[in-house]
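Side-chain atoms are counted along with the backbone in the values below, which use heavy atoms only and exclude waters and symmetry mates. This one's a predicted model, so the numbers in the text were calculated from it and none came from an experiment.
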Amino acid sequence: MSWAYLNNAFHRKEEVTISPYDRGFLFGDGVYEVIPSYAGKPFLYEKHVSRLLRSLNEVSINKPEQWENLKSIIEDLLEKNKFSNQIIYIQVTRGQESTRSHAPDKLTSPTLFIESSELTTDLLLTSYKPPYINVGIEEDLRWTRCDIKAITLLGNVMTLDNLSDSGLEEVIFYRDSTITEGAKANIFLVFGKKIVTPPVSNNILSGITRNYFINLLSQNNFNIEEREVSINEIEEADEIWFTSSGKVLQMVHKINNKIILEKGFKNTIGHKAIELFRQDILV
Ligand code: PDD
């Protein structure tokens with residue numbers, strides 16, 4: 001049996017319900033976080049909660065009344081759902097109102113929804129190899145506040161839906177010829193020994209995994225730079241990775257079904273990055 005939390009109570013997942021008058025349902029008026037938990041411990045928890053708070057502030061949604069107890073609610077949920085590795089989803093919407101009205105009532109109480117499910121990962125195995133994925137390239141059709149982790153994800157969903165028909169799992173988005181990120185992850189490119197990732201801006205999410213890898217790699221003397229990357233540079237890249245809380249690091253194998261990376265995985269900087277990550281979470 002799996003559990004979810006809504007407002008003030010735990011419910012069996014199949015029994016949890018919400019009103020269609022919730023502004024999350026009517027307007028996509030809400031923000032969210034996704035936090036991985038390894039061996040019962042949420043990974044980089046404080047960073048995720050600070051980003052959630054930032055998202056709430058940016059869209060002027062009040063902190064949910066359960067805010068001070070968030071950590072203990074999550075710990076209870078992890079215990080109830082039992083799996084040793086889990087992926088935690090937290091969503092806060094502006095809340096439920098009596099009629100559909102674009103401009104919100106400032107007194108509406110936010111809705112807090114939290115759920116977790118098993119994180120199936122081989123990351124803890126010494127033989128771990130990150131997935132190789134096949135990706136597309138598309139113009140970024142999303143709004144210009146991608147720094148807010150908003151639940152309104154239609155641009156991401158439409159792109160992934162179109163690409164999945166060709167067997168593609170992620171996308172390299174670009175805006176004005178400059179690479180932004182993926183539809184569900186941040187992007188890194190490797191040129192020789194240099195690792196490059198687009199700088200934080202309103203056009204990308206400041207990924208917790210991205211920021212973690214930037215620190216981890218620079219502490220280990222890798223040459224890493226945050227700079228704008230032109231879409232034309234893709235052809236020169238030796239490796240391209242996507243990073244996110246759920247998948248950690250995925251390596252691009254093919255772009256639009258054209259092979260770009262045929263190196264054995266062991267020789268890549270991406271492999272070294274994932275090994276450093278494994279050492280960090282296993283301690
Ligand atoms: N997605 N950019 C986008 C558009 C994302 O949706 C995500 C994560 C990231 C990576 O952020 P982080 O490293 O903090 O997970 C970047 C999550 C996992 C999701 O929507 O399920």
Side-chain angles (χ1 to χ4, degrees), residues 44 47 50-51 54-55 58 130 132-150 152-160 162-163 168-256 258 260-261 263 268-274 276-277:
L44 304 174
K47 296 214 178 321
S50 313
R51 187 173 63 184
R54 177 185 184 275
S55 296
E58 290 297 313
Y132 269 97
I133 54 171
N134 194 353
V135 307
I137 305 180
E138 295 288 331
E139 190 160 5
D140 199 337
L141 74 175
R142 302 170 304 159
W143 69 332
T144 50
R145 288 306 309 271
C146 294
D147 56 311
I148 300 171
K149 203 161 169 60
T152 330
L153 289 171
L154 206 45
N156 312 51
V157 169
M158 283 165 65
T159 303
L160 291 173
N162 289 337
L163 293 183
L168 308 176
E169 295 168 60
E170 231 323 343
V171 63
I172 301 172
F173 271 139
Y174 64 92
R175 207 184 274 268
D176 301 329
S177 322
T178 302
I179 294 174
T180 53
E181 59 178 343
K184 46 186 178 161
N186 290 112
I187 189 164
F188 288 76
L189 297 93
V190 179
F191 303 98
K193 292 212 152 118
K194 184 149 215 152
I195 309 161
V196 175
T197 191
V200 166
S201 73
N202 57 325
N203 289 325
I204 73 164
L205 184 73
S206 177
I208 305 296
T209 324
R210 167 196 183 276
N211 301 341
Y212 164 86
F213 271 114
I214 291 175
N215 287 333
L216 186 72
L217 289 163
S218 46
Q219 276 160 18
N220 284 277
N221 303 318
F222 283 86
N223 186 345
I224 184 152
E225 189 186 357
E226 292 174 70
R227 67 155 170 90
E228 297 217 325
V229 188
S230 155
I231 195 70
N232 300 325
E233 291 182 70
I234 284 186
E235 287 172 23
E236 318 293 319
D238 297 303
E239 298 171 33
I240 301 178
W241 325 324
F242 282 98
T243 63
S244 68
S245 295
K247 299 280 174 19
V248 184
L249 189 151
Q250 295 177 296
M251 303 213 33
V252 173
H253 183 214
K254 295 181 194 170
I255 298 180
N256 287 328
K258 190 177 122 204
I260 68 132
L261 196 115
K263 272 190 199 170
T268 61
I269 296 184
H271 180 234
K272 292 180 185 129
I274 205 81
L276 290 170
F277 172 85

If you define the side chain from C-beta out and look only at heavy atoms, does anything of Phe188 sit under 4.5 Å from Ile269? no
Partner of Ile224 under side-chain contact (heavy atoms from CB on, under 4.5 Å), picked from Leu216, Ile195, Val190, is Ile195
(message) Quick check: do Lys47 and Tyr212 have side-chain heavy atoms less than 4.5 Å from each other?
(response) no
Review point. Are the side chains of Phe277 and Leu249 in touch, meaning some heavy atoms are under 4.5 Å apart?
Key: no
| Is the number of heavy atoms from other residues, nucleotides or ligands under 6.0 Å of Asn215 CG greater than 12? | yes
What one should report as the nearest heavy-atom pair of Ala237 and Leu189 is CB-CD2, 4.2 Å
Using a 6.0 Å cut-off, check whether atom CD of Glu233 has over 12 heavy atoms from anything other than its own residue. yes
Scanning both residues in full, the closest heavy-atom pair of Tyr132 with His253 reads CD2-CB, 3.5 Å
(Q) So does Ile187 get a backbone contact from the side chain of Thr197, meaning a donor-acceptor N/O pair under 3.5 Å? (A) yes
Distance col, row Arg51:CZ vs Ser206:OG, nearest 0.5 angstrom, shows 7.0 Å
Between Trp241 and Ala273 the two heavy atoms that sit nearest each other are CH2-CB, 4.1 Å
Check: Would you say the side-chain atoms of Glu181 pair up with the backbone N or O of Leu205, donor to acceptor, closer than 3.5 Å?
Finding: yes
Value for CG (Leu168) from CG (Asn162), rounded to nearest 0.5 Å, stands at 10.5 Å
Check your understanding: Got a donor-acceptor contact below 3.5 angstrom from the Glu170 side chain to the Ile133 backbone?
Key -> no
**OP:** Start with the C-alpha distance between Arg175 and Arg142, add both sets of side-chain angles, then the distance that settles side-chain contact (heavy atoms from CB on, under 4.5 Å), and finish with yes or no.
**Re:** CA-CA 10 Å; Arg175 207 184 274 268; Arg142 302 170 304 159; 4.3 Å; yes
**Request:** Using a 4.5 Å cut-off on heavy atoms from C-beta on, say whether the side chain of Ile255 contacts that of Ile240.
**Result:** yes
Handout entry: Heavy-atom check, side chain of Ile234 versus side chain of Ile179, under 4.5 Å
Key = yes
Any side-chain heavy-atom pair of Ile231 and Ser177 under 4.5 Å = yes
Practice problem: Output yes when a side-chain donor or acceptor of Asn202 lies under 3.5 Å from a complementary backbone atom of Thr144, and no otherwise. | Solution: yes
* To do: Before accepting this row, confirm whether a basic side-chain N of the pair Glu169/Lys247 lies closer than 4.0 Å to the acidic partner's carboxylate O.
  => no
Using modelled atom types only, decide if a donor and an acceptor are shared between the side chain of Ser55 and the backbone of Ile148 within a distance under 3.5 Å.
no
- Flag the pair Arg210 and Glu226 as a salt bridge only when some basic side-chain nitrogen lies within less than 4.0 angstrom of an acidic carboxylate oxygen. yes
Between Gly155 and Leu141 the two heavy atoms that sit nearest each other are O-CD2, 3.6 Å
Do Leu276 and Phe213 make a side-chain contact, defined as non-hydrogen atoms from C-beta onward lying under 4.5 Å apart?
no
Hey, are the side chains of Ile172 and Phe242 touching, using non-hydrogen atoms and a 4.5 Å cut-off? yes
To the nearest 0.5 Å, atom CG of Asn134 lies from atom CG of Asn256 at 8.0 Å
dist Ile137:CD1 -> Phe173:CZ (nearest 0.5 Å) comes out at 12.5 Å
Rounded to the nearest 0.5 angstrom, the CD1-CG distance for Ile208 and Asn186 is 9.5 Å
Rounded to the nearest 0.5 angstrom, the CG-CH2 distance for Leu154 and Trp143 is 13.0 Å
